[in-house]
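Accompanying notes for the structure given below.
To find a chain, count down the sequence lines: A is the first, B the second, and so on, and within it residues start at 1. All values below come from the heavy atoms of this structure, side chains included, with hydrogens, waters and symmetry mates left out.
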Amino acid sequence: MAEKITSRSVDYSQWYIDIVLKAKLADYSPVKGSMVIRPRGYAIWERLRDELDRRFKETGHQNAYFPLFIPMSFLKKEAEHVEGFSPELAVVTHAGGEELEEPLVVRPTSETIIWSKYRDWIQSYRDLPLLYNQWANVVRWEKRTRLFLRTSEFLWQEGHTAHETRAEAVAETELMLEVYRKFAEEYLCLPVIAGKKSESEKFAGAVDTYSIEAMMQDKKALQAGTSHFLGQNFAKAFDVQYQTREGGLDYVWATSWGVSTRLVGAIIMTHSDDKGLVLPPVLAQEEVVIVPIFKTDTKAEVLAYTDKILAALKAAGRRVVLDADDNSPGWKFAEWEMRGVPLRIEAGPKDMAAGTVVIARRDTGEKVVVAVAEIPAKVAELLAAMQKDLLEKARAFREANTHDIADYPAMLAFYSKEGAGIDSATGGFARGLWCGGRECEAKLKADTKVTIRNMPADQQQDINGACCLCGAPAKHRAIFARSY
RNA sequence: CGGGCAAUAGCGCAGUUGGUUAGCGUACUAGUCUGGGGGACUAGGGGUCGGCGGUUCGAAUCCGCCUUGCCCGACCA
């Protein structure tokens, strides 16, 4: 609270931890890798979740809930799936004081339990498509954890859909990726790159995995959401067949897609500064904080003044809070900046005499004097401007740190720059042509820890040239980066 | 899971050749003044020194194991 947070330029990791703890978004728990989400952090998740839920329903999806415990044997039905997840499984072997006949896996994701039920529910093409989503917690035992970004238990949503045709399932995969992309940009102010993952980076059990990738302020990439085309893999594993329109029998086509509380970490890392949290206004628990500035003998009249402003903003539908505590104004300014409230209204005797207030923007620090009657309109204007500017600022940062790379020496040079500025320099995003081969991708990772984030969907034209890693004829254009 | 560092009041830390009643800053509580960028003074409350075990007449201090966190690596829809 009273302590300052570590500067980004000193230690980016510590800066992030300081913000999460000091803005009271989350705290550690006694169990390694699991975290407590505190009210100020949960409020961000709630607002994000509600908006995303609205968008899912708008695109025809329904919510359901599937159980936390999954029979171990279910995981084993899809070979790649169990192989991918087994190192991270938490398994219940005892319950009710006895050893269980079959161990129960605490869900790391719900494809298997869901498809075991889809088998019962799908008989005919008339039962399709099935467009279900669930909001749930999942557990993946992580070796190395970070608040919000990688925890052993996290909150997420997982959509699981079943379709008649391959084309329809692919379209759903792409549709949900686009829902995520728009949501990330419009609501979270996170500019993201939507594209397909390489073979080595895709989901265990998927035919194709797509992702949205964002750039953090240390220039590392963060996968902010994924959408998978599962083909008929799970339908075959769980024997989910349906009668086709032609009277035949075929396996159902599937997708799954998800975003998690990791998004909260992405938001923090993208927008915040050395004073603390900076939030897109639509996500903020409070959009406006009013700080009255008074002496003991002027307290009553100043509070009467700010009460009217508070009432006017509430009447305008704003999420607003008045901080009438006896802390000094400077203390309050710093505290509310730490918490990431987008706008601060300062009102004291001078303002009262002039019939004005001072409004300060959290992101730019800019202060403007506004007449009392104009406050609701000005607040609306500033909040909208901030929502827009945060996205543009983040986009400009990403563009400034994205470079086209032609060959391997250039790639090595790009990622070997010595660490001036934030953290150890990570170079940023490299954009280059790629042959699609696993070998050169693996070599790059071994040499530099840089991986292919994805192949941007809108940048696959004019692929004429050599792979920037191995020189073979290129098939794709890819984004490379170090990542979280 | 391997290597390194750390854990003492809510937070940040000091204390330790083993010795009575564990200390500082800050935060917290009460009061007075103060108040436009983290204010001053006075008086208070707050501790199983991360856990378990060992050595010892005596352990925050020495030893062992464990837990949690941070950094580096391995791993990672």
Side-chain angles (χ1 to χ4, degrees), chain A residues 1-6 11-18 20-22 24 27-35 75 78 80-89 107-111 138-147 149-152 154 156 158 197 200-206 208-211 223-228 230 256-260 262 275-276 291-299 302 323-338 344-354 356-358 360 365 367 369 423-424 445-446 449 451 483-484:
Chain A
M1 293 210 288
E3 320 87 58
K4 301 239 159 59
I5 62 176
T6 305
D11 185 338
Y12 190 79
S13 298
Q14 192 58 48
W15 165 79
Y16 173 76
I17 293 164
D18 284 353
V20 172
L21 297 178
K22 290 176 182 171
K24 297 182 179 159
D27 206 346
Y28 295 107
S29 89
V31 177
K32 181 179 168 63
S34 50
M35 66 185 276
L75 268 290
E78 215 289 335
E80 281 183 26
H81 193 62
V82 68
E83 190 190 338
F85 277 105
S86 54
E88 330 179 42
L89 294 180
R107 65 175 163 229
T109 180
S110 302
E111 274 79 2
V138 287
V139 168
R140 298 178 186 179
W141 218 251
E142 296 288 349
K143 310 279 190 199
R144 196 169 175 190
T145 58
R146 306 193 70 181
L147 295 164
L149 298 176
R150 176 170 284 108
T151 47
S152 290
F154 55 93
W156 79 340
E158 45 181 325
K197 285 286 195 182
S200 62
E201 295 275 332
K202 75 179 191 189
F203 176 68
D208 286 314
T209 287
Y210 298 79
S211 71
Q223 180 173 296
T226 50
S227 184
H228 312 291
L230 302 174
S256 68
W257 27 274
V259 299
S260 71
R262 170 180 260 201
K275 291 178 174 178
V291 178
I293 294 158
F294 50 74
K295 302 186 181 186
T296 306
D297 59 344
T298 56
K299 184 170 179 176
V302 170
D323 185 353
D325 288 353
D326 278 333
N327 292 312
S328 71
W331 193 92
K332 291 176 185 175
F333 292 175
E335 185 64 18
W336 289 103
E337 280 166 356
M338 170 73 75
R344 178 183 66 240
I345 293 182
E346 307 171 13
K350 292 179 211 163
D351 307 282
M352 205 163 55
T356 59
V357 296
V358 173
K367 293 187 180 187
V369 176
D423 204 27
S424 56
K445 186 175 179 180
K449 290 185 214 160
T451 54
S483 71
Y484 277 96

Check for a donor-acceptor pair, side chain of A/S86 on one end and backbone N or O of A/V82 on the other, with a separation under 3.5 Å.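 Yes, the answer is positive, given that a donor and an acceptor are paired below the 3.5 Å cut-off.
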Could you identify the nucleotide paired to [N], looking across every strand shown and requiring Watson-Crick or G-U wobble geometry with both distances under 3.5 Å?
N: B/U26; result: B/G10
N: B/U21; result: none
N: B/U48; result: none
N: B/G53; result: B/C63
N: B/C41; result: B/G31
N: B/U16; result: none

Using whole Å, report how far [atom1] of [X] lies from [atom2] of [N].
X: A/D323; N: B/G37; atom1: CG; atom2: P; result: 15 Å
X: A/L147; N: B/U68; atom1: CG; atom2: C1'; result: 13 Å
X: A/K332; N: B/A27; atom1: NZ; atom2: P; result: 16 Å
X: A/I293; N: B/G38; atom1: CD1; atom2: P; result: 12 Å
X: A/R146; N: B/C76; atom1: CZ; atom2: C1'; result: 14 Å

Would you say a side-chain N or O of [X] is under 4.0 Å from OP1 or OP2 of [N]?
X: A/Y484; N: B/C76; answer: no
X: A/S13; N: B/C71; answer: yes
X: A/R144; N: B/C70; answer: no

Separation of the [atom1] atoms in [N] and [M], to the nearest angstrom:
N: B/G51; M: B/U8; atom1: P; answer: 10 Å
N: B/C76; M: B/G12; atom1: P; answer: 34 Å
N: B/C75; M: B/U61; atom1: P; answer: 39 Å
N: B/C52; M: B/C5; atom1: C1'; answer: 23 Å
N: B/G53; M: B/A14; atom1: C1'; answer: 28 Å
N: B/G64; M: B/A74; atom1: P; answer: 30 Å
N: B/U67; M: B/G25; atom1: P; answer: 37 Å
N: B/G58; M: B/C71; atom1: C1'; answer: 38 Å

Got a donor-acceptor pair under 3.5 Å from the side chain of A/T296 to the base of B/G35?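 Answer yes: a donor N or O sits under 3.5 Å from an acceptor.
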For the base of B/G37, is there a side-chain donor-acceptor partner from A/R344 under 3.5 Å away?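 Checked by distance alone, the answer is yes.
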Which part of the nucleic acid, if any, lies within contact of A/P329, taking any heavy atom under 4.0 Å across all strands shown: a base, the sugar-phosphate backbone alone, or nothing?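 A/P329: backbone/sugar contact only, no base atoms under 4.0 Å.
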Touch check for A/V138, heavy atoms < 4.0 angstrom, all strands: base, sugar-phosphate only, or nothing?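 The residue A/V138 makes no contact with any strand.
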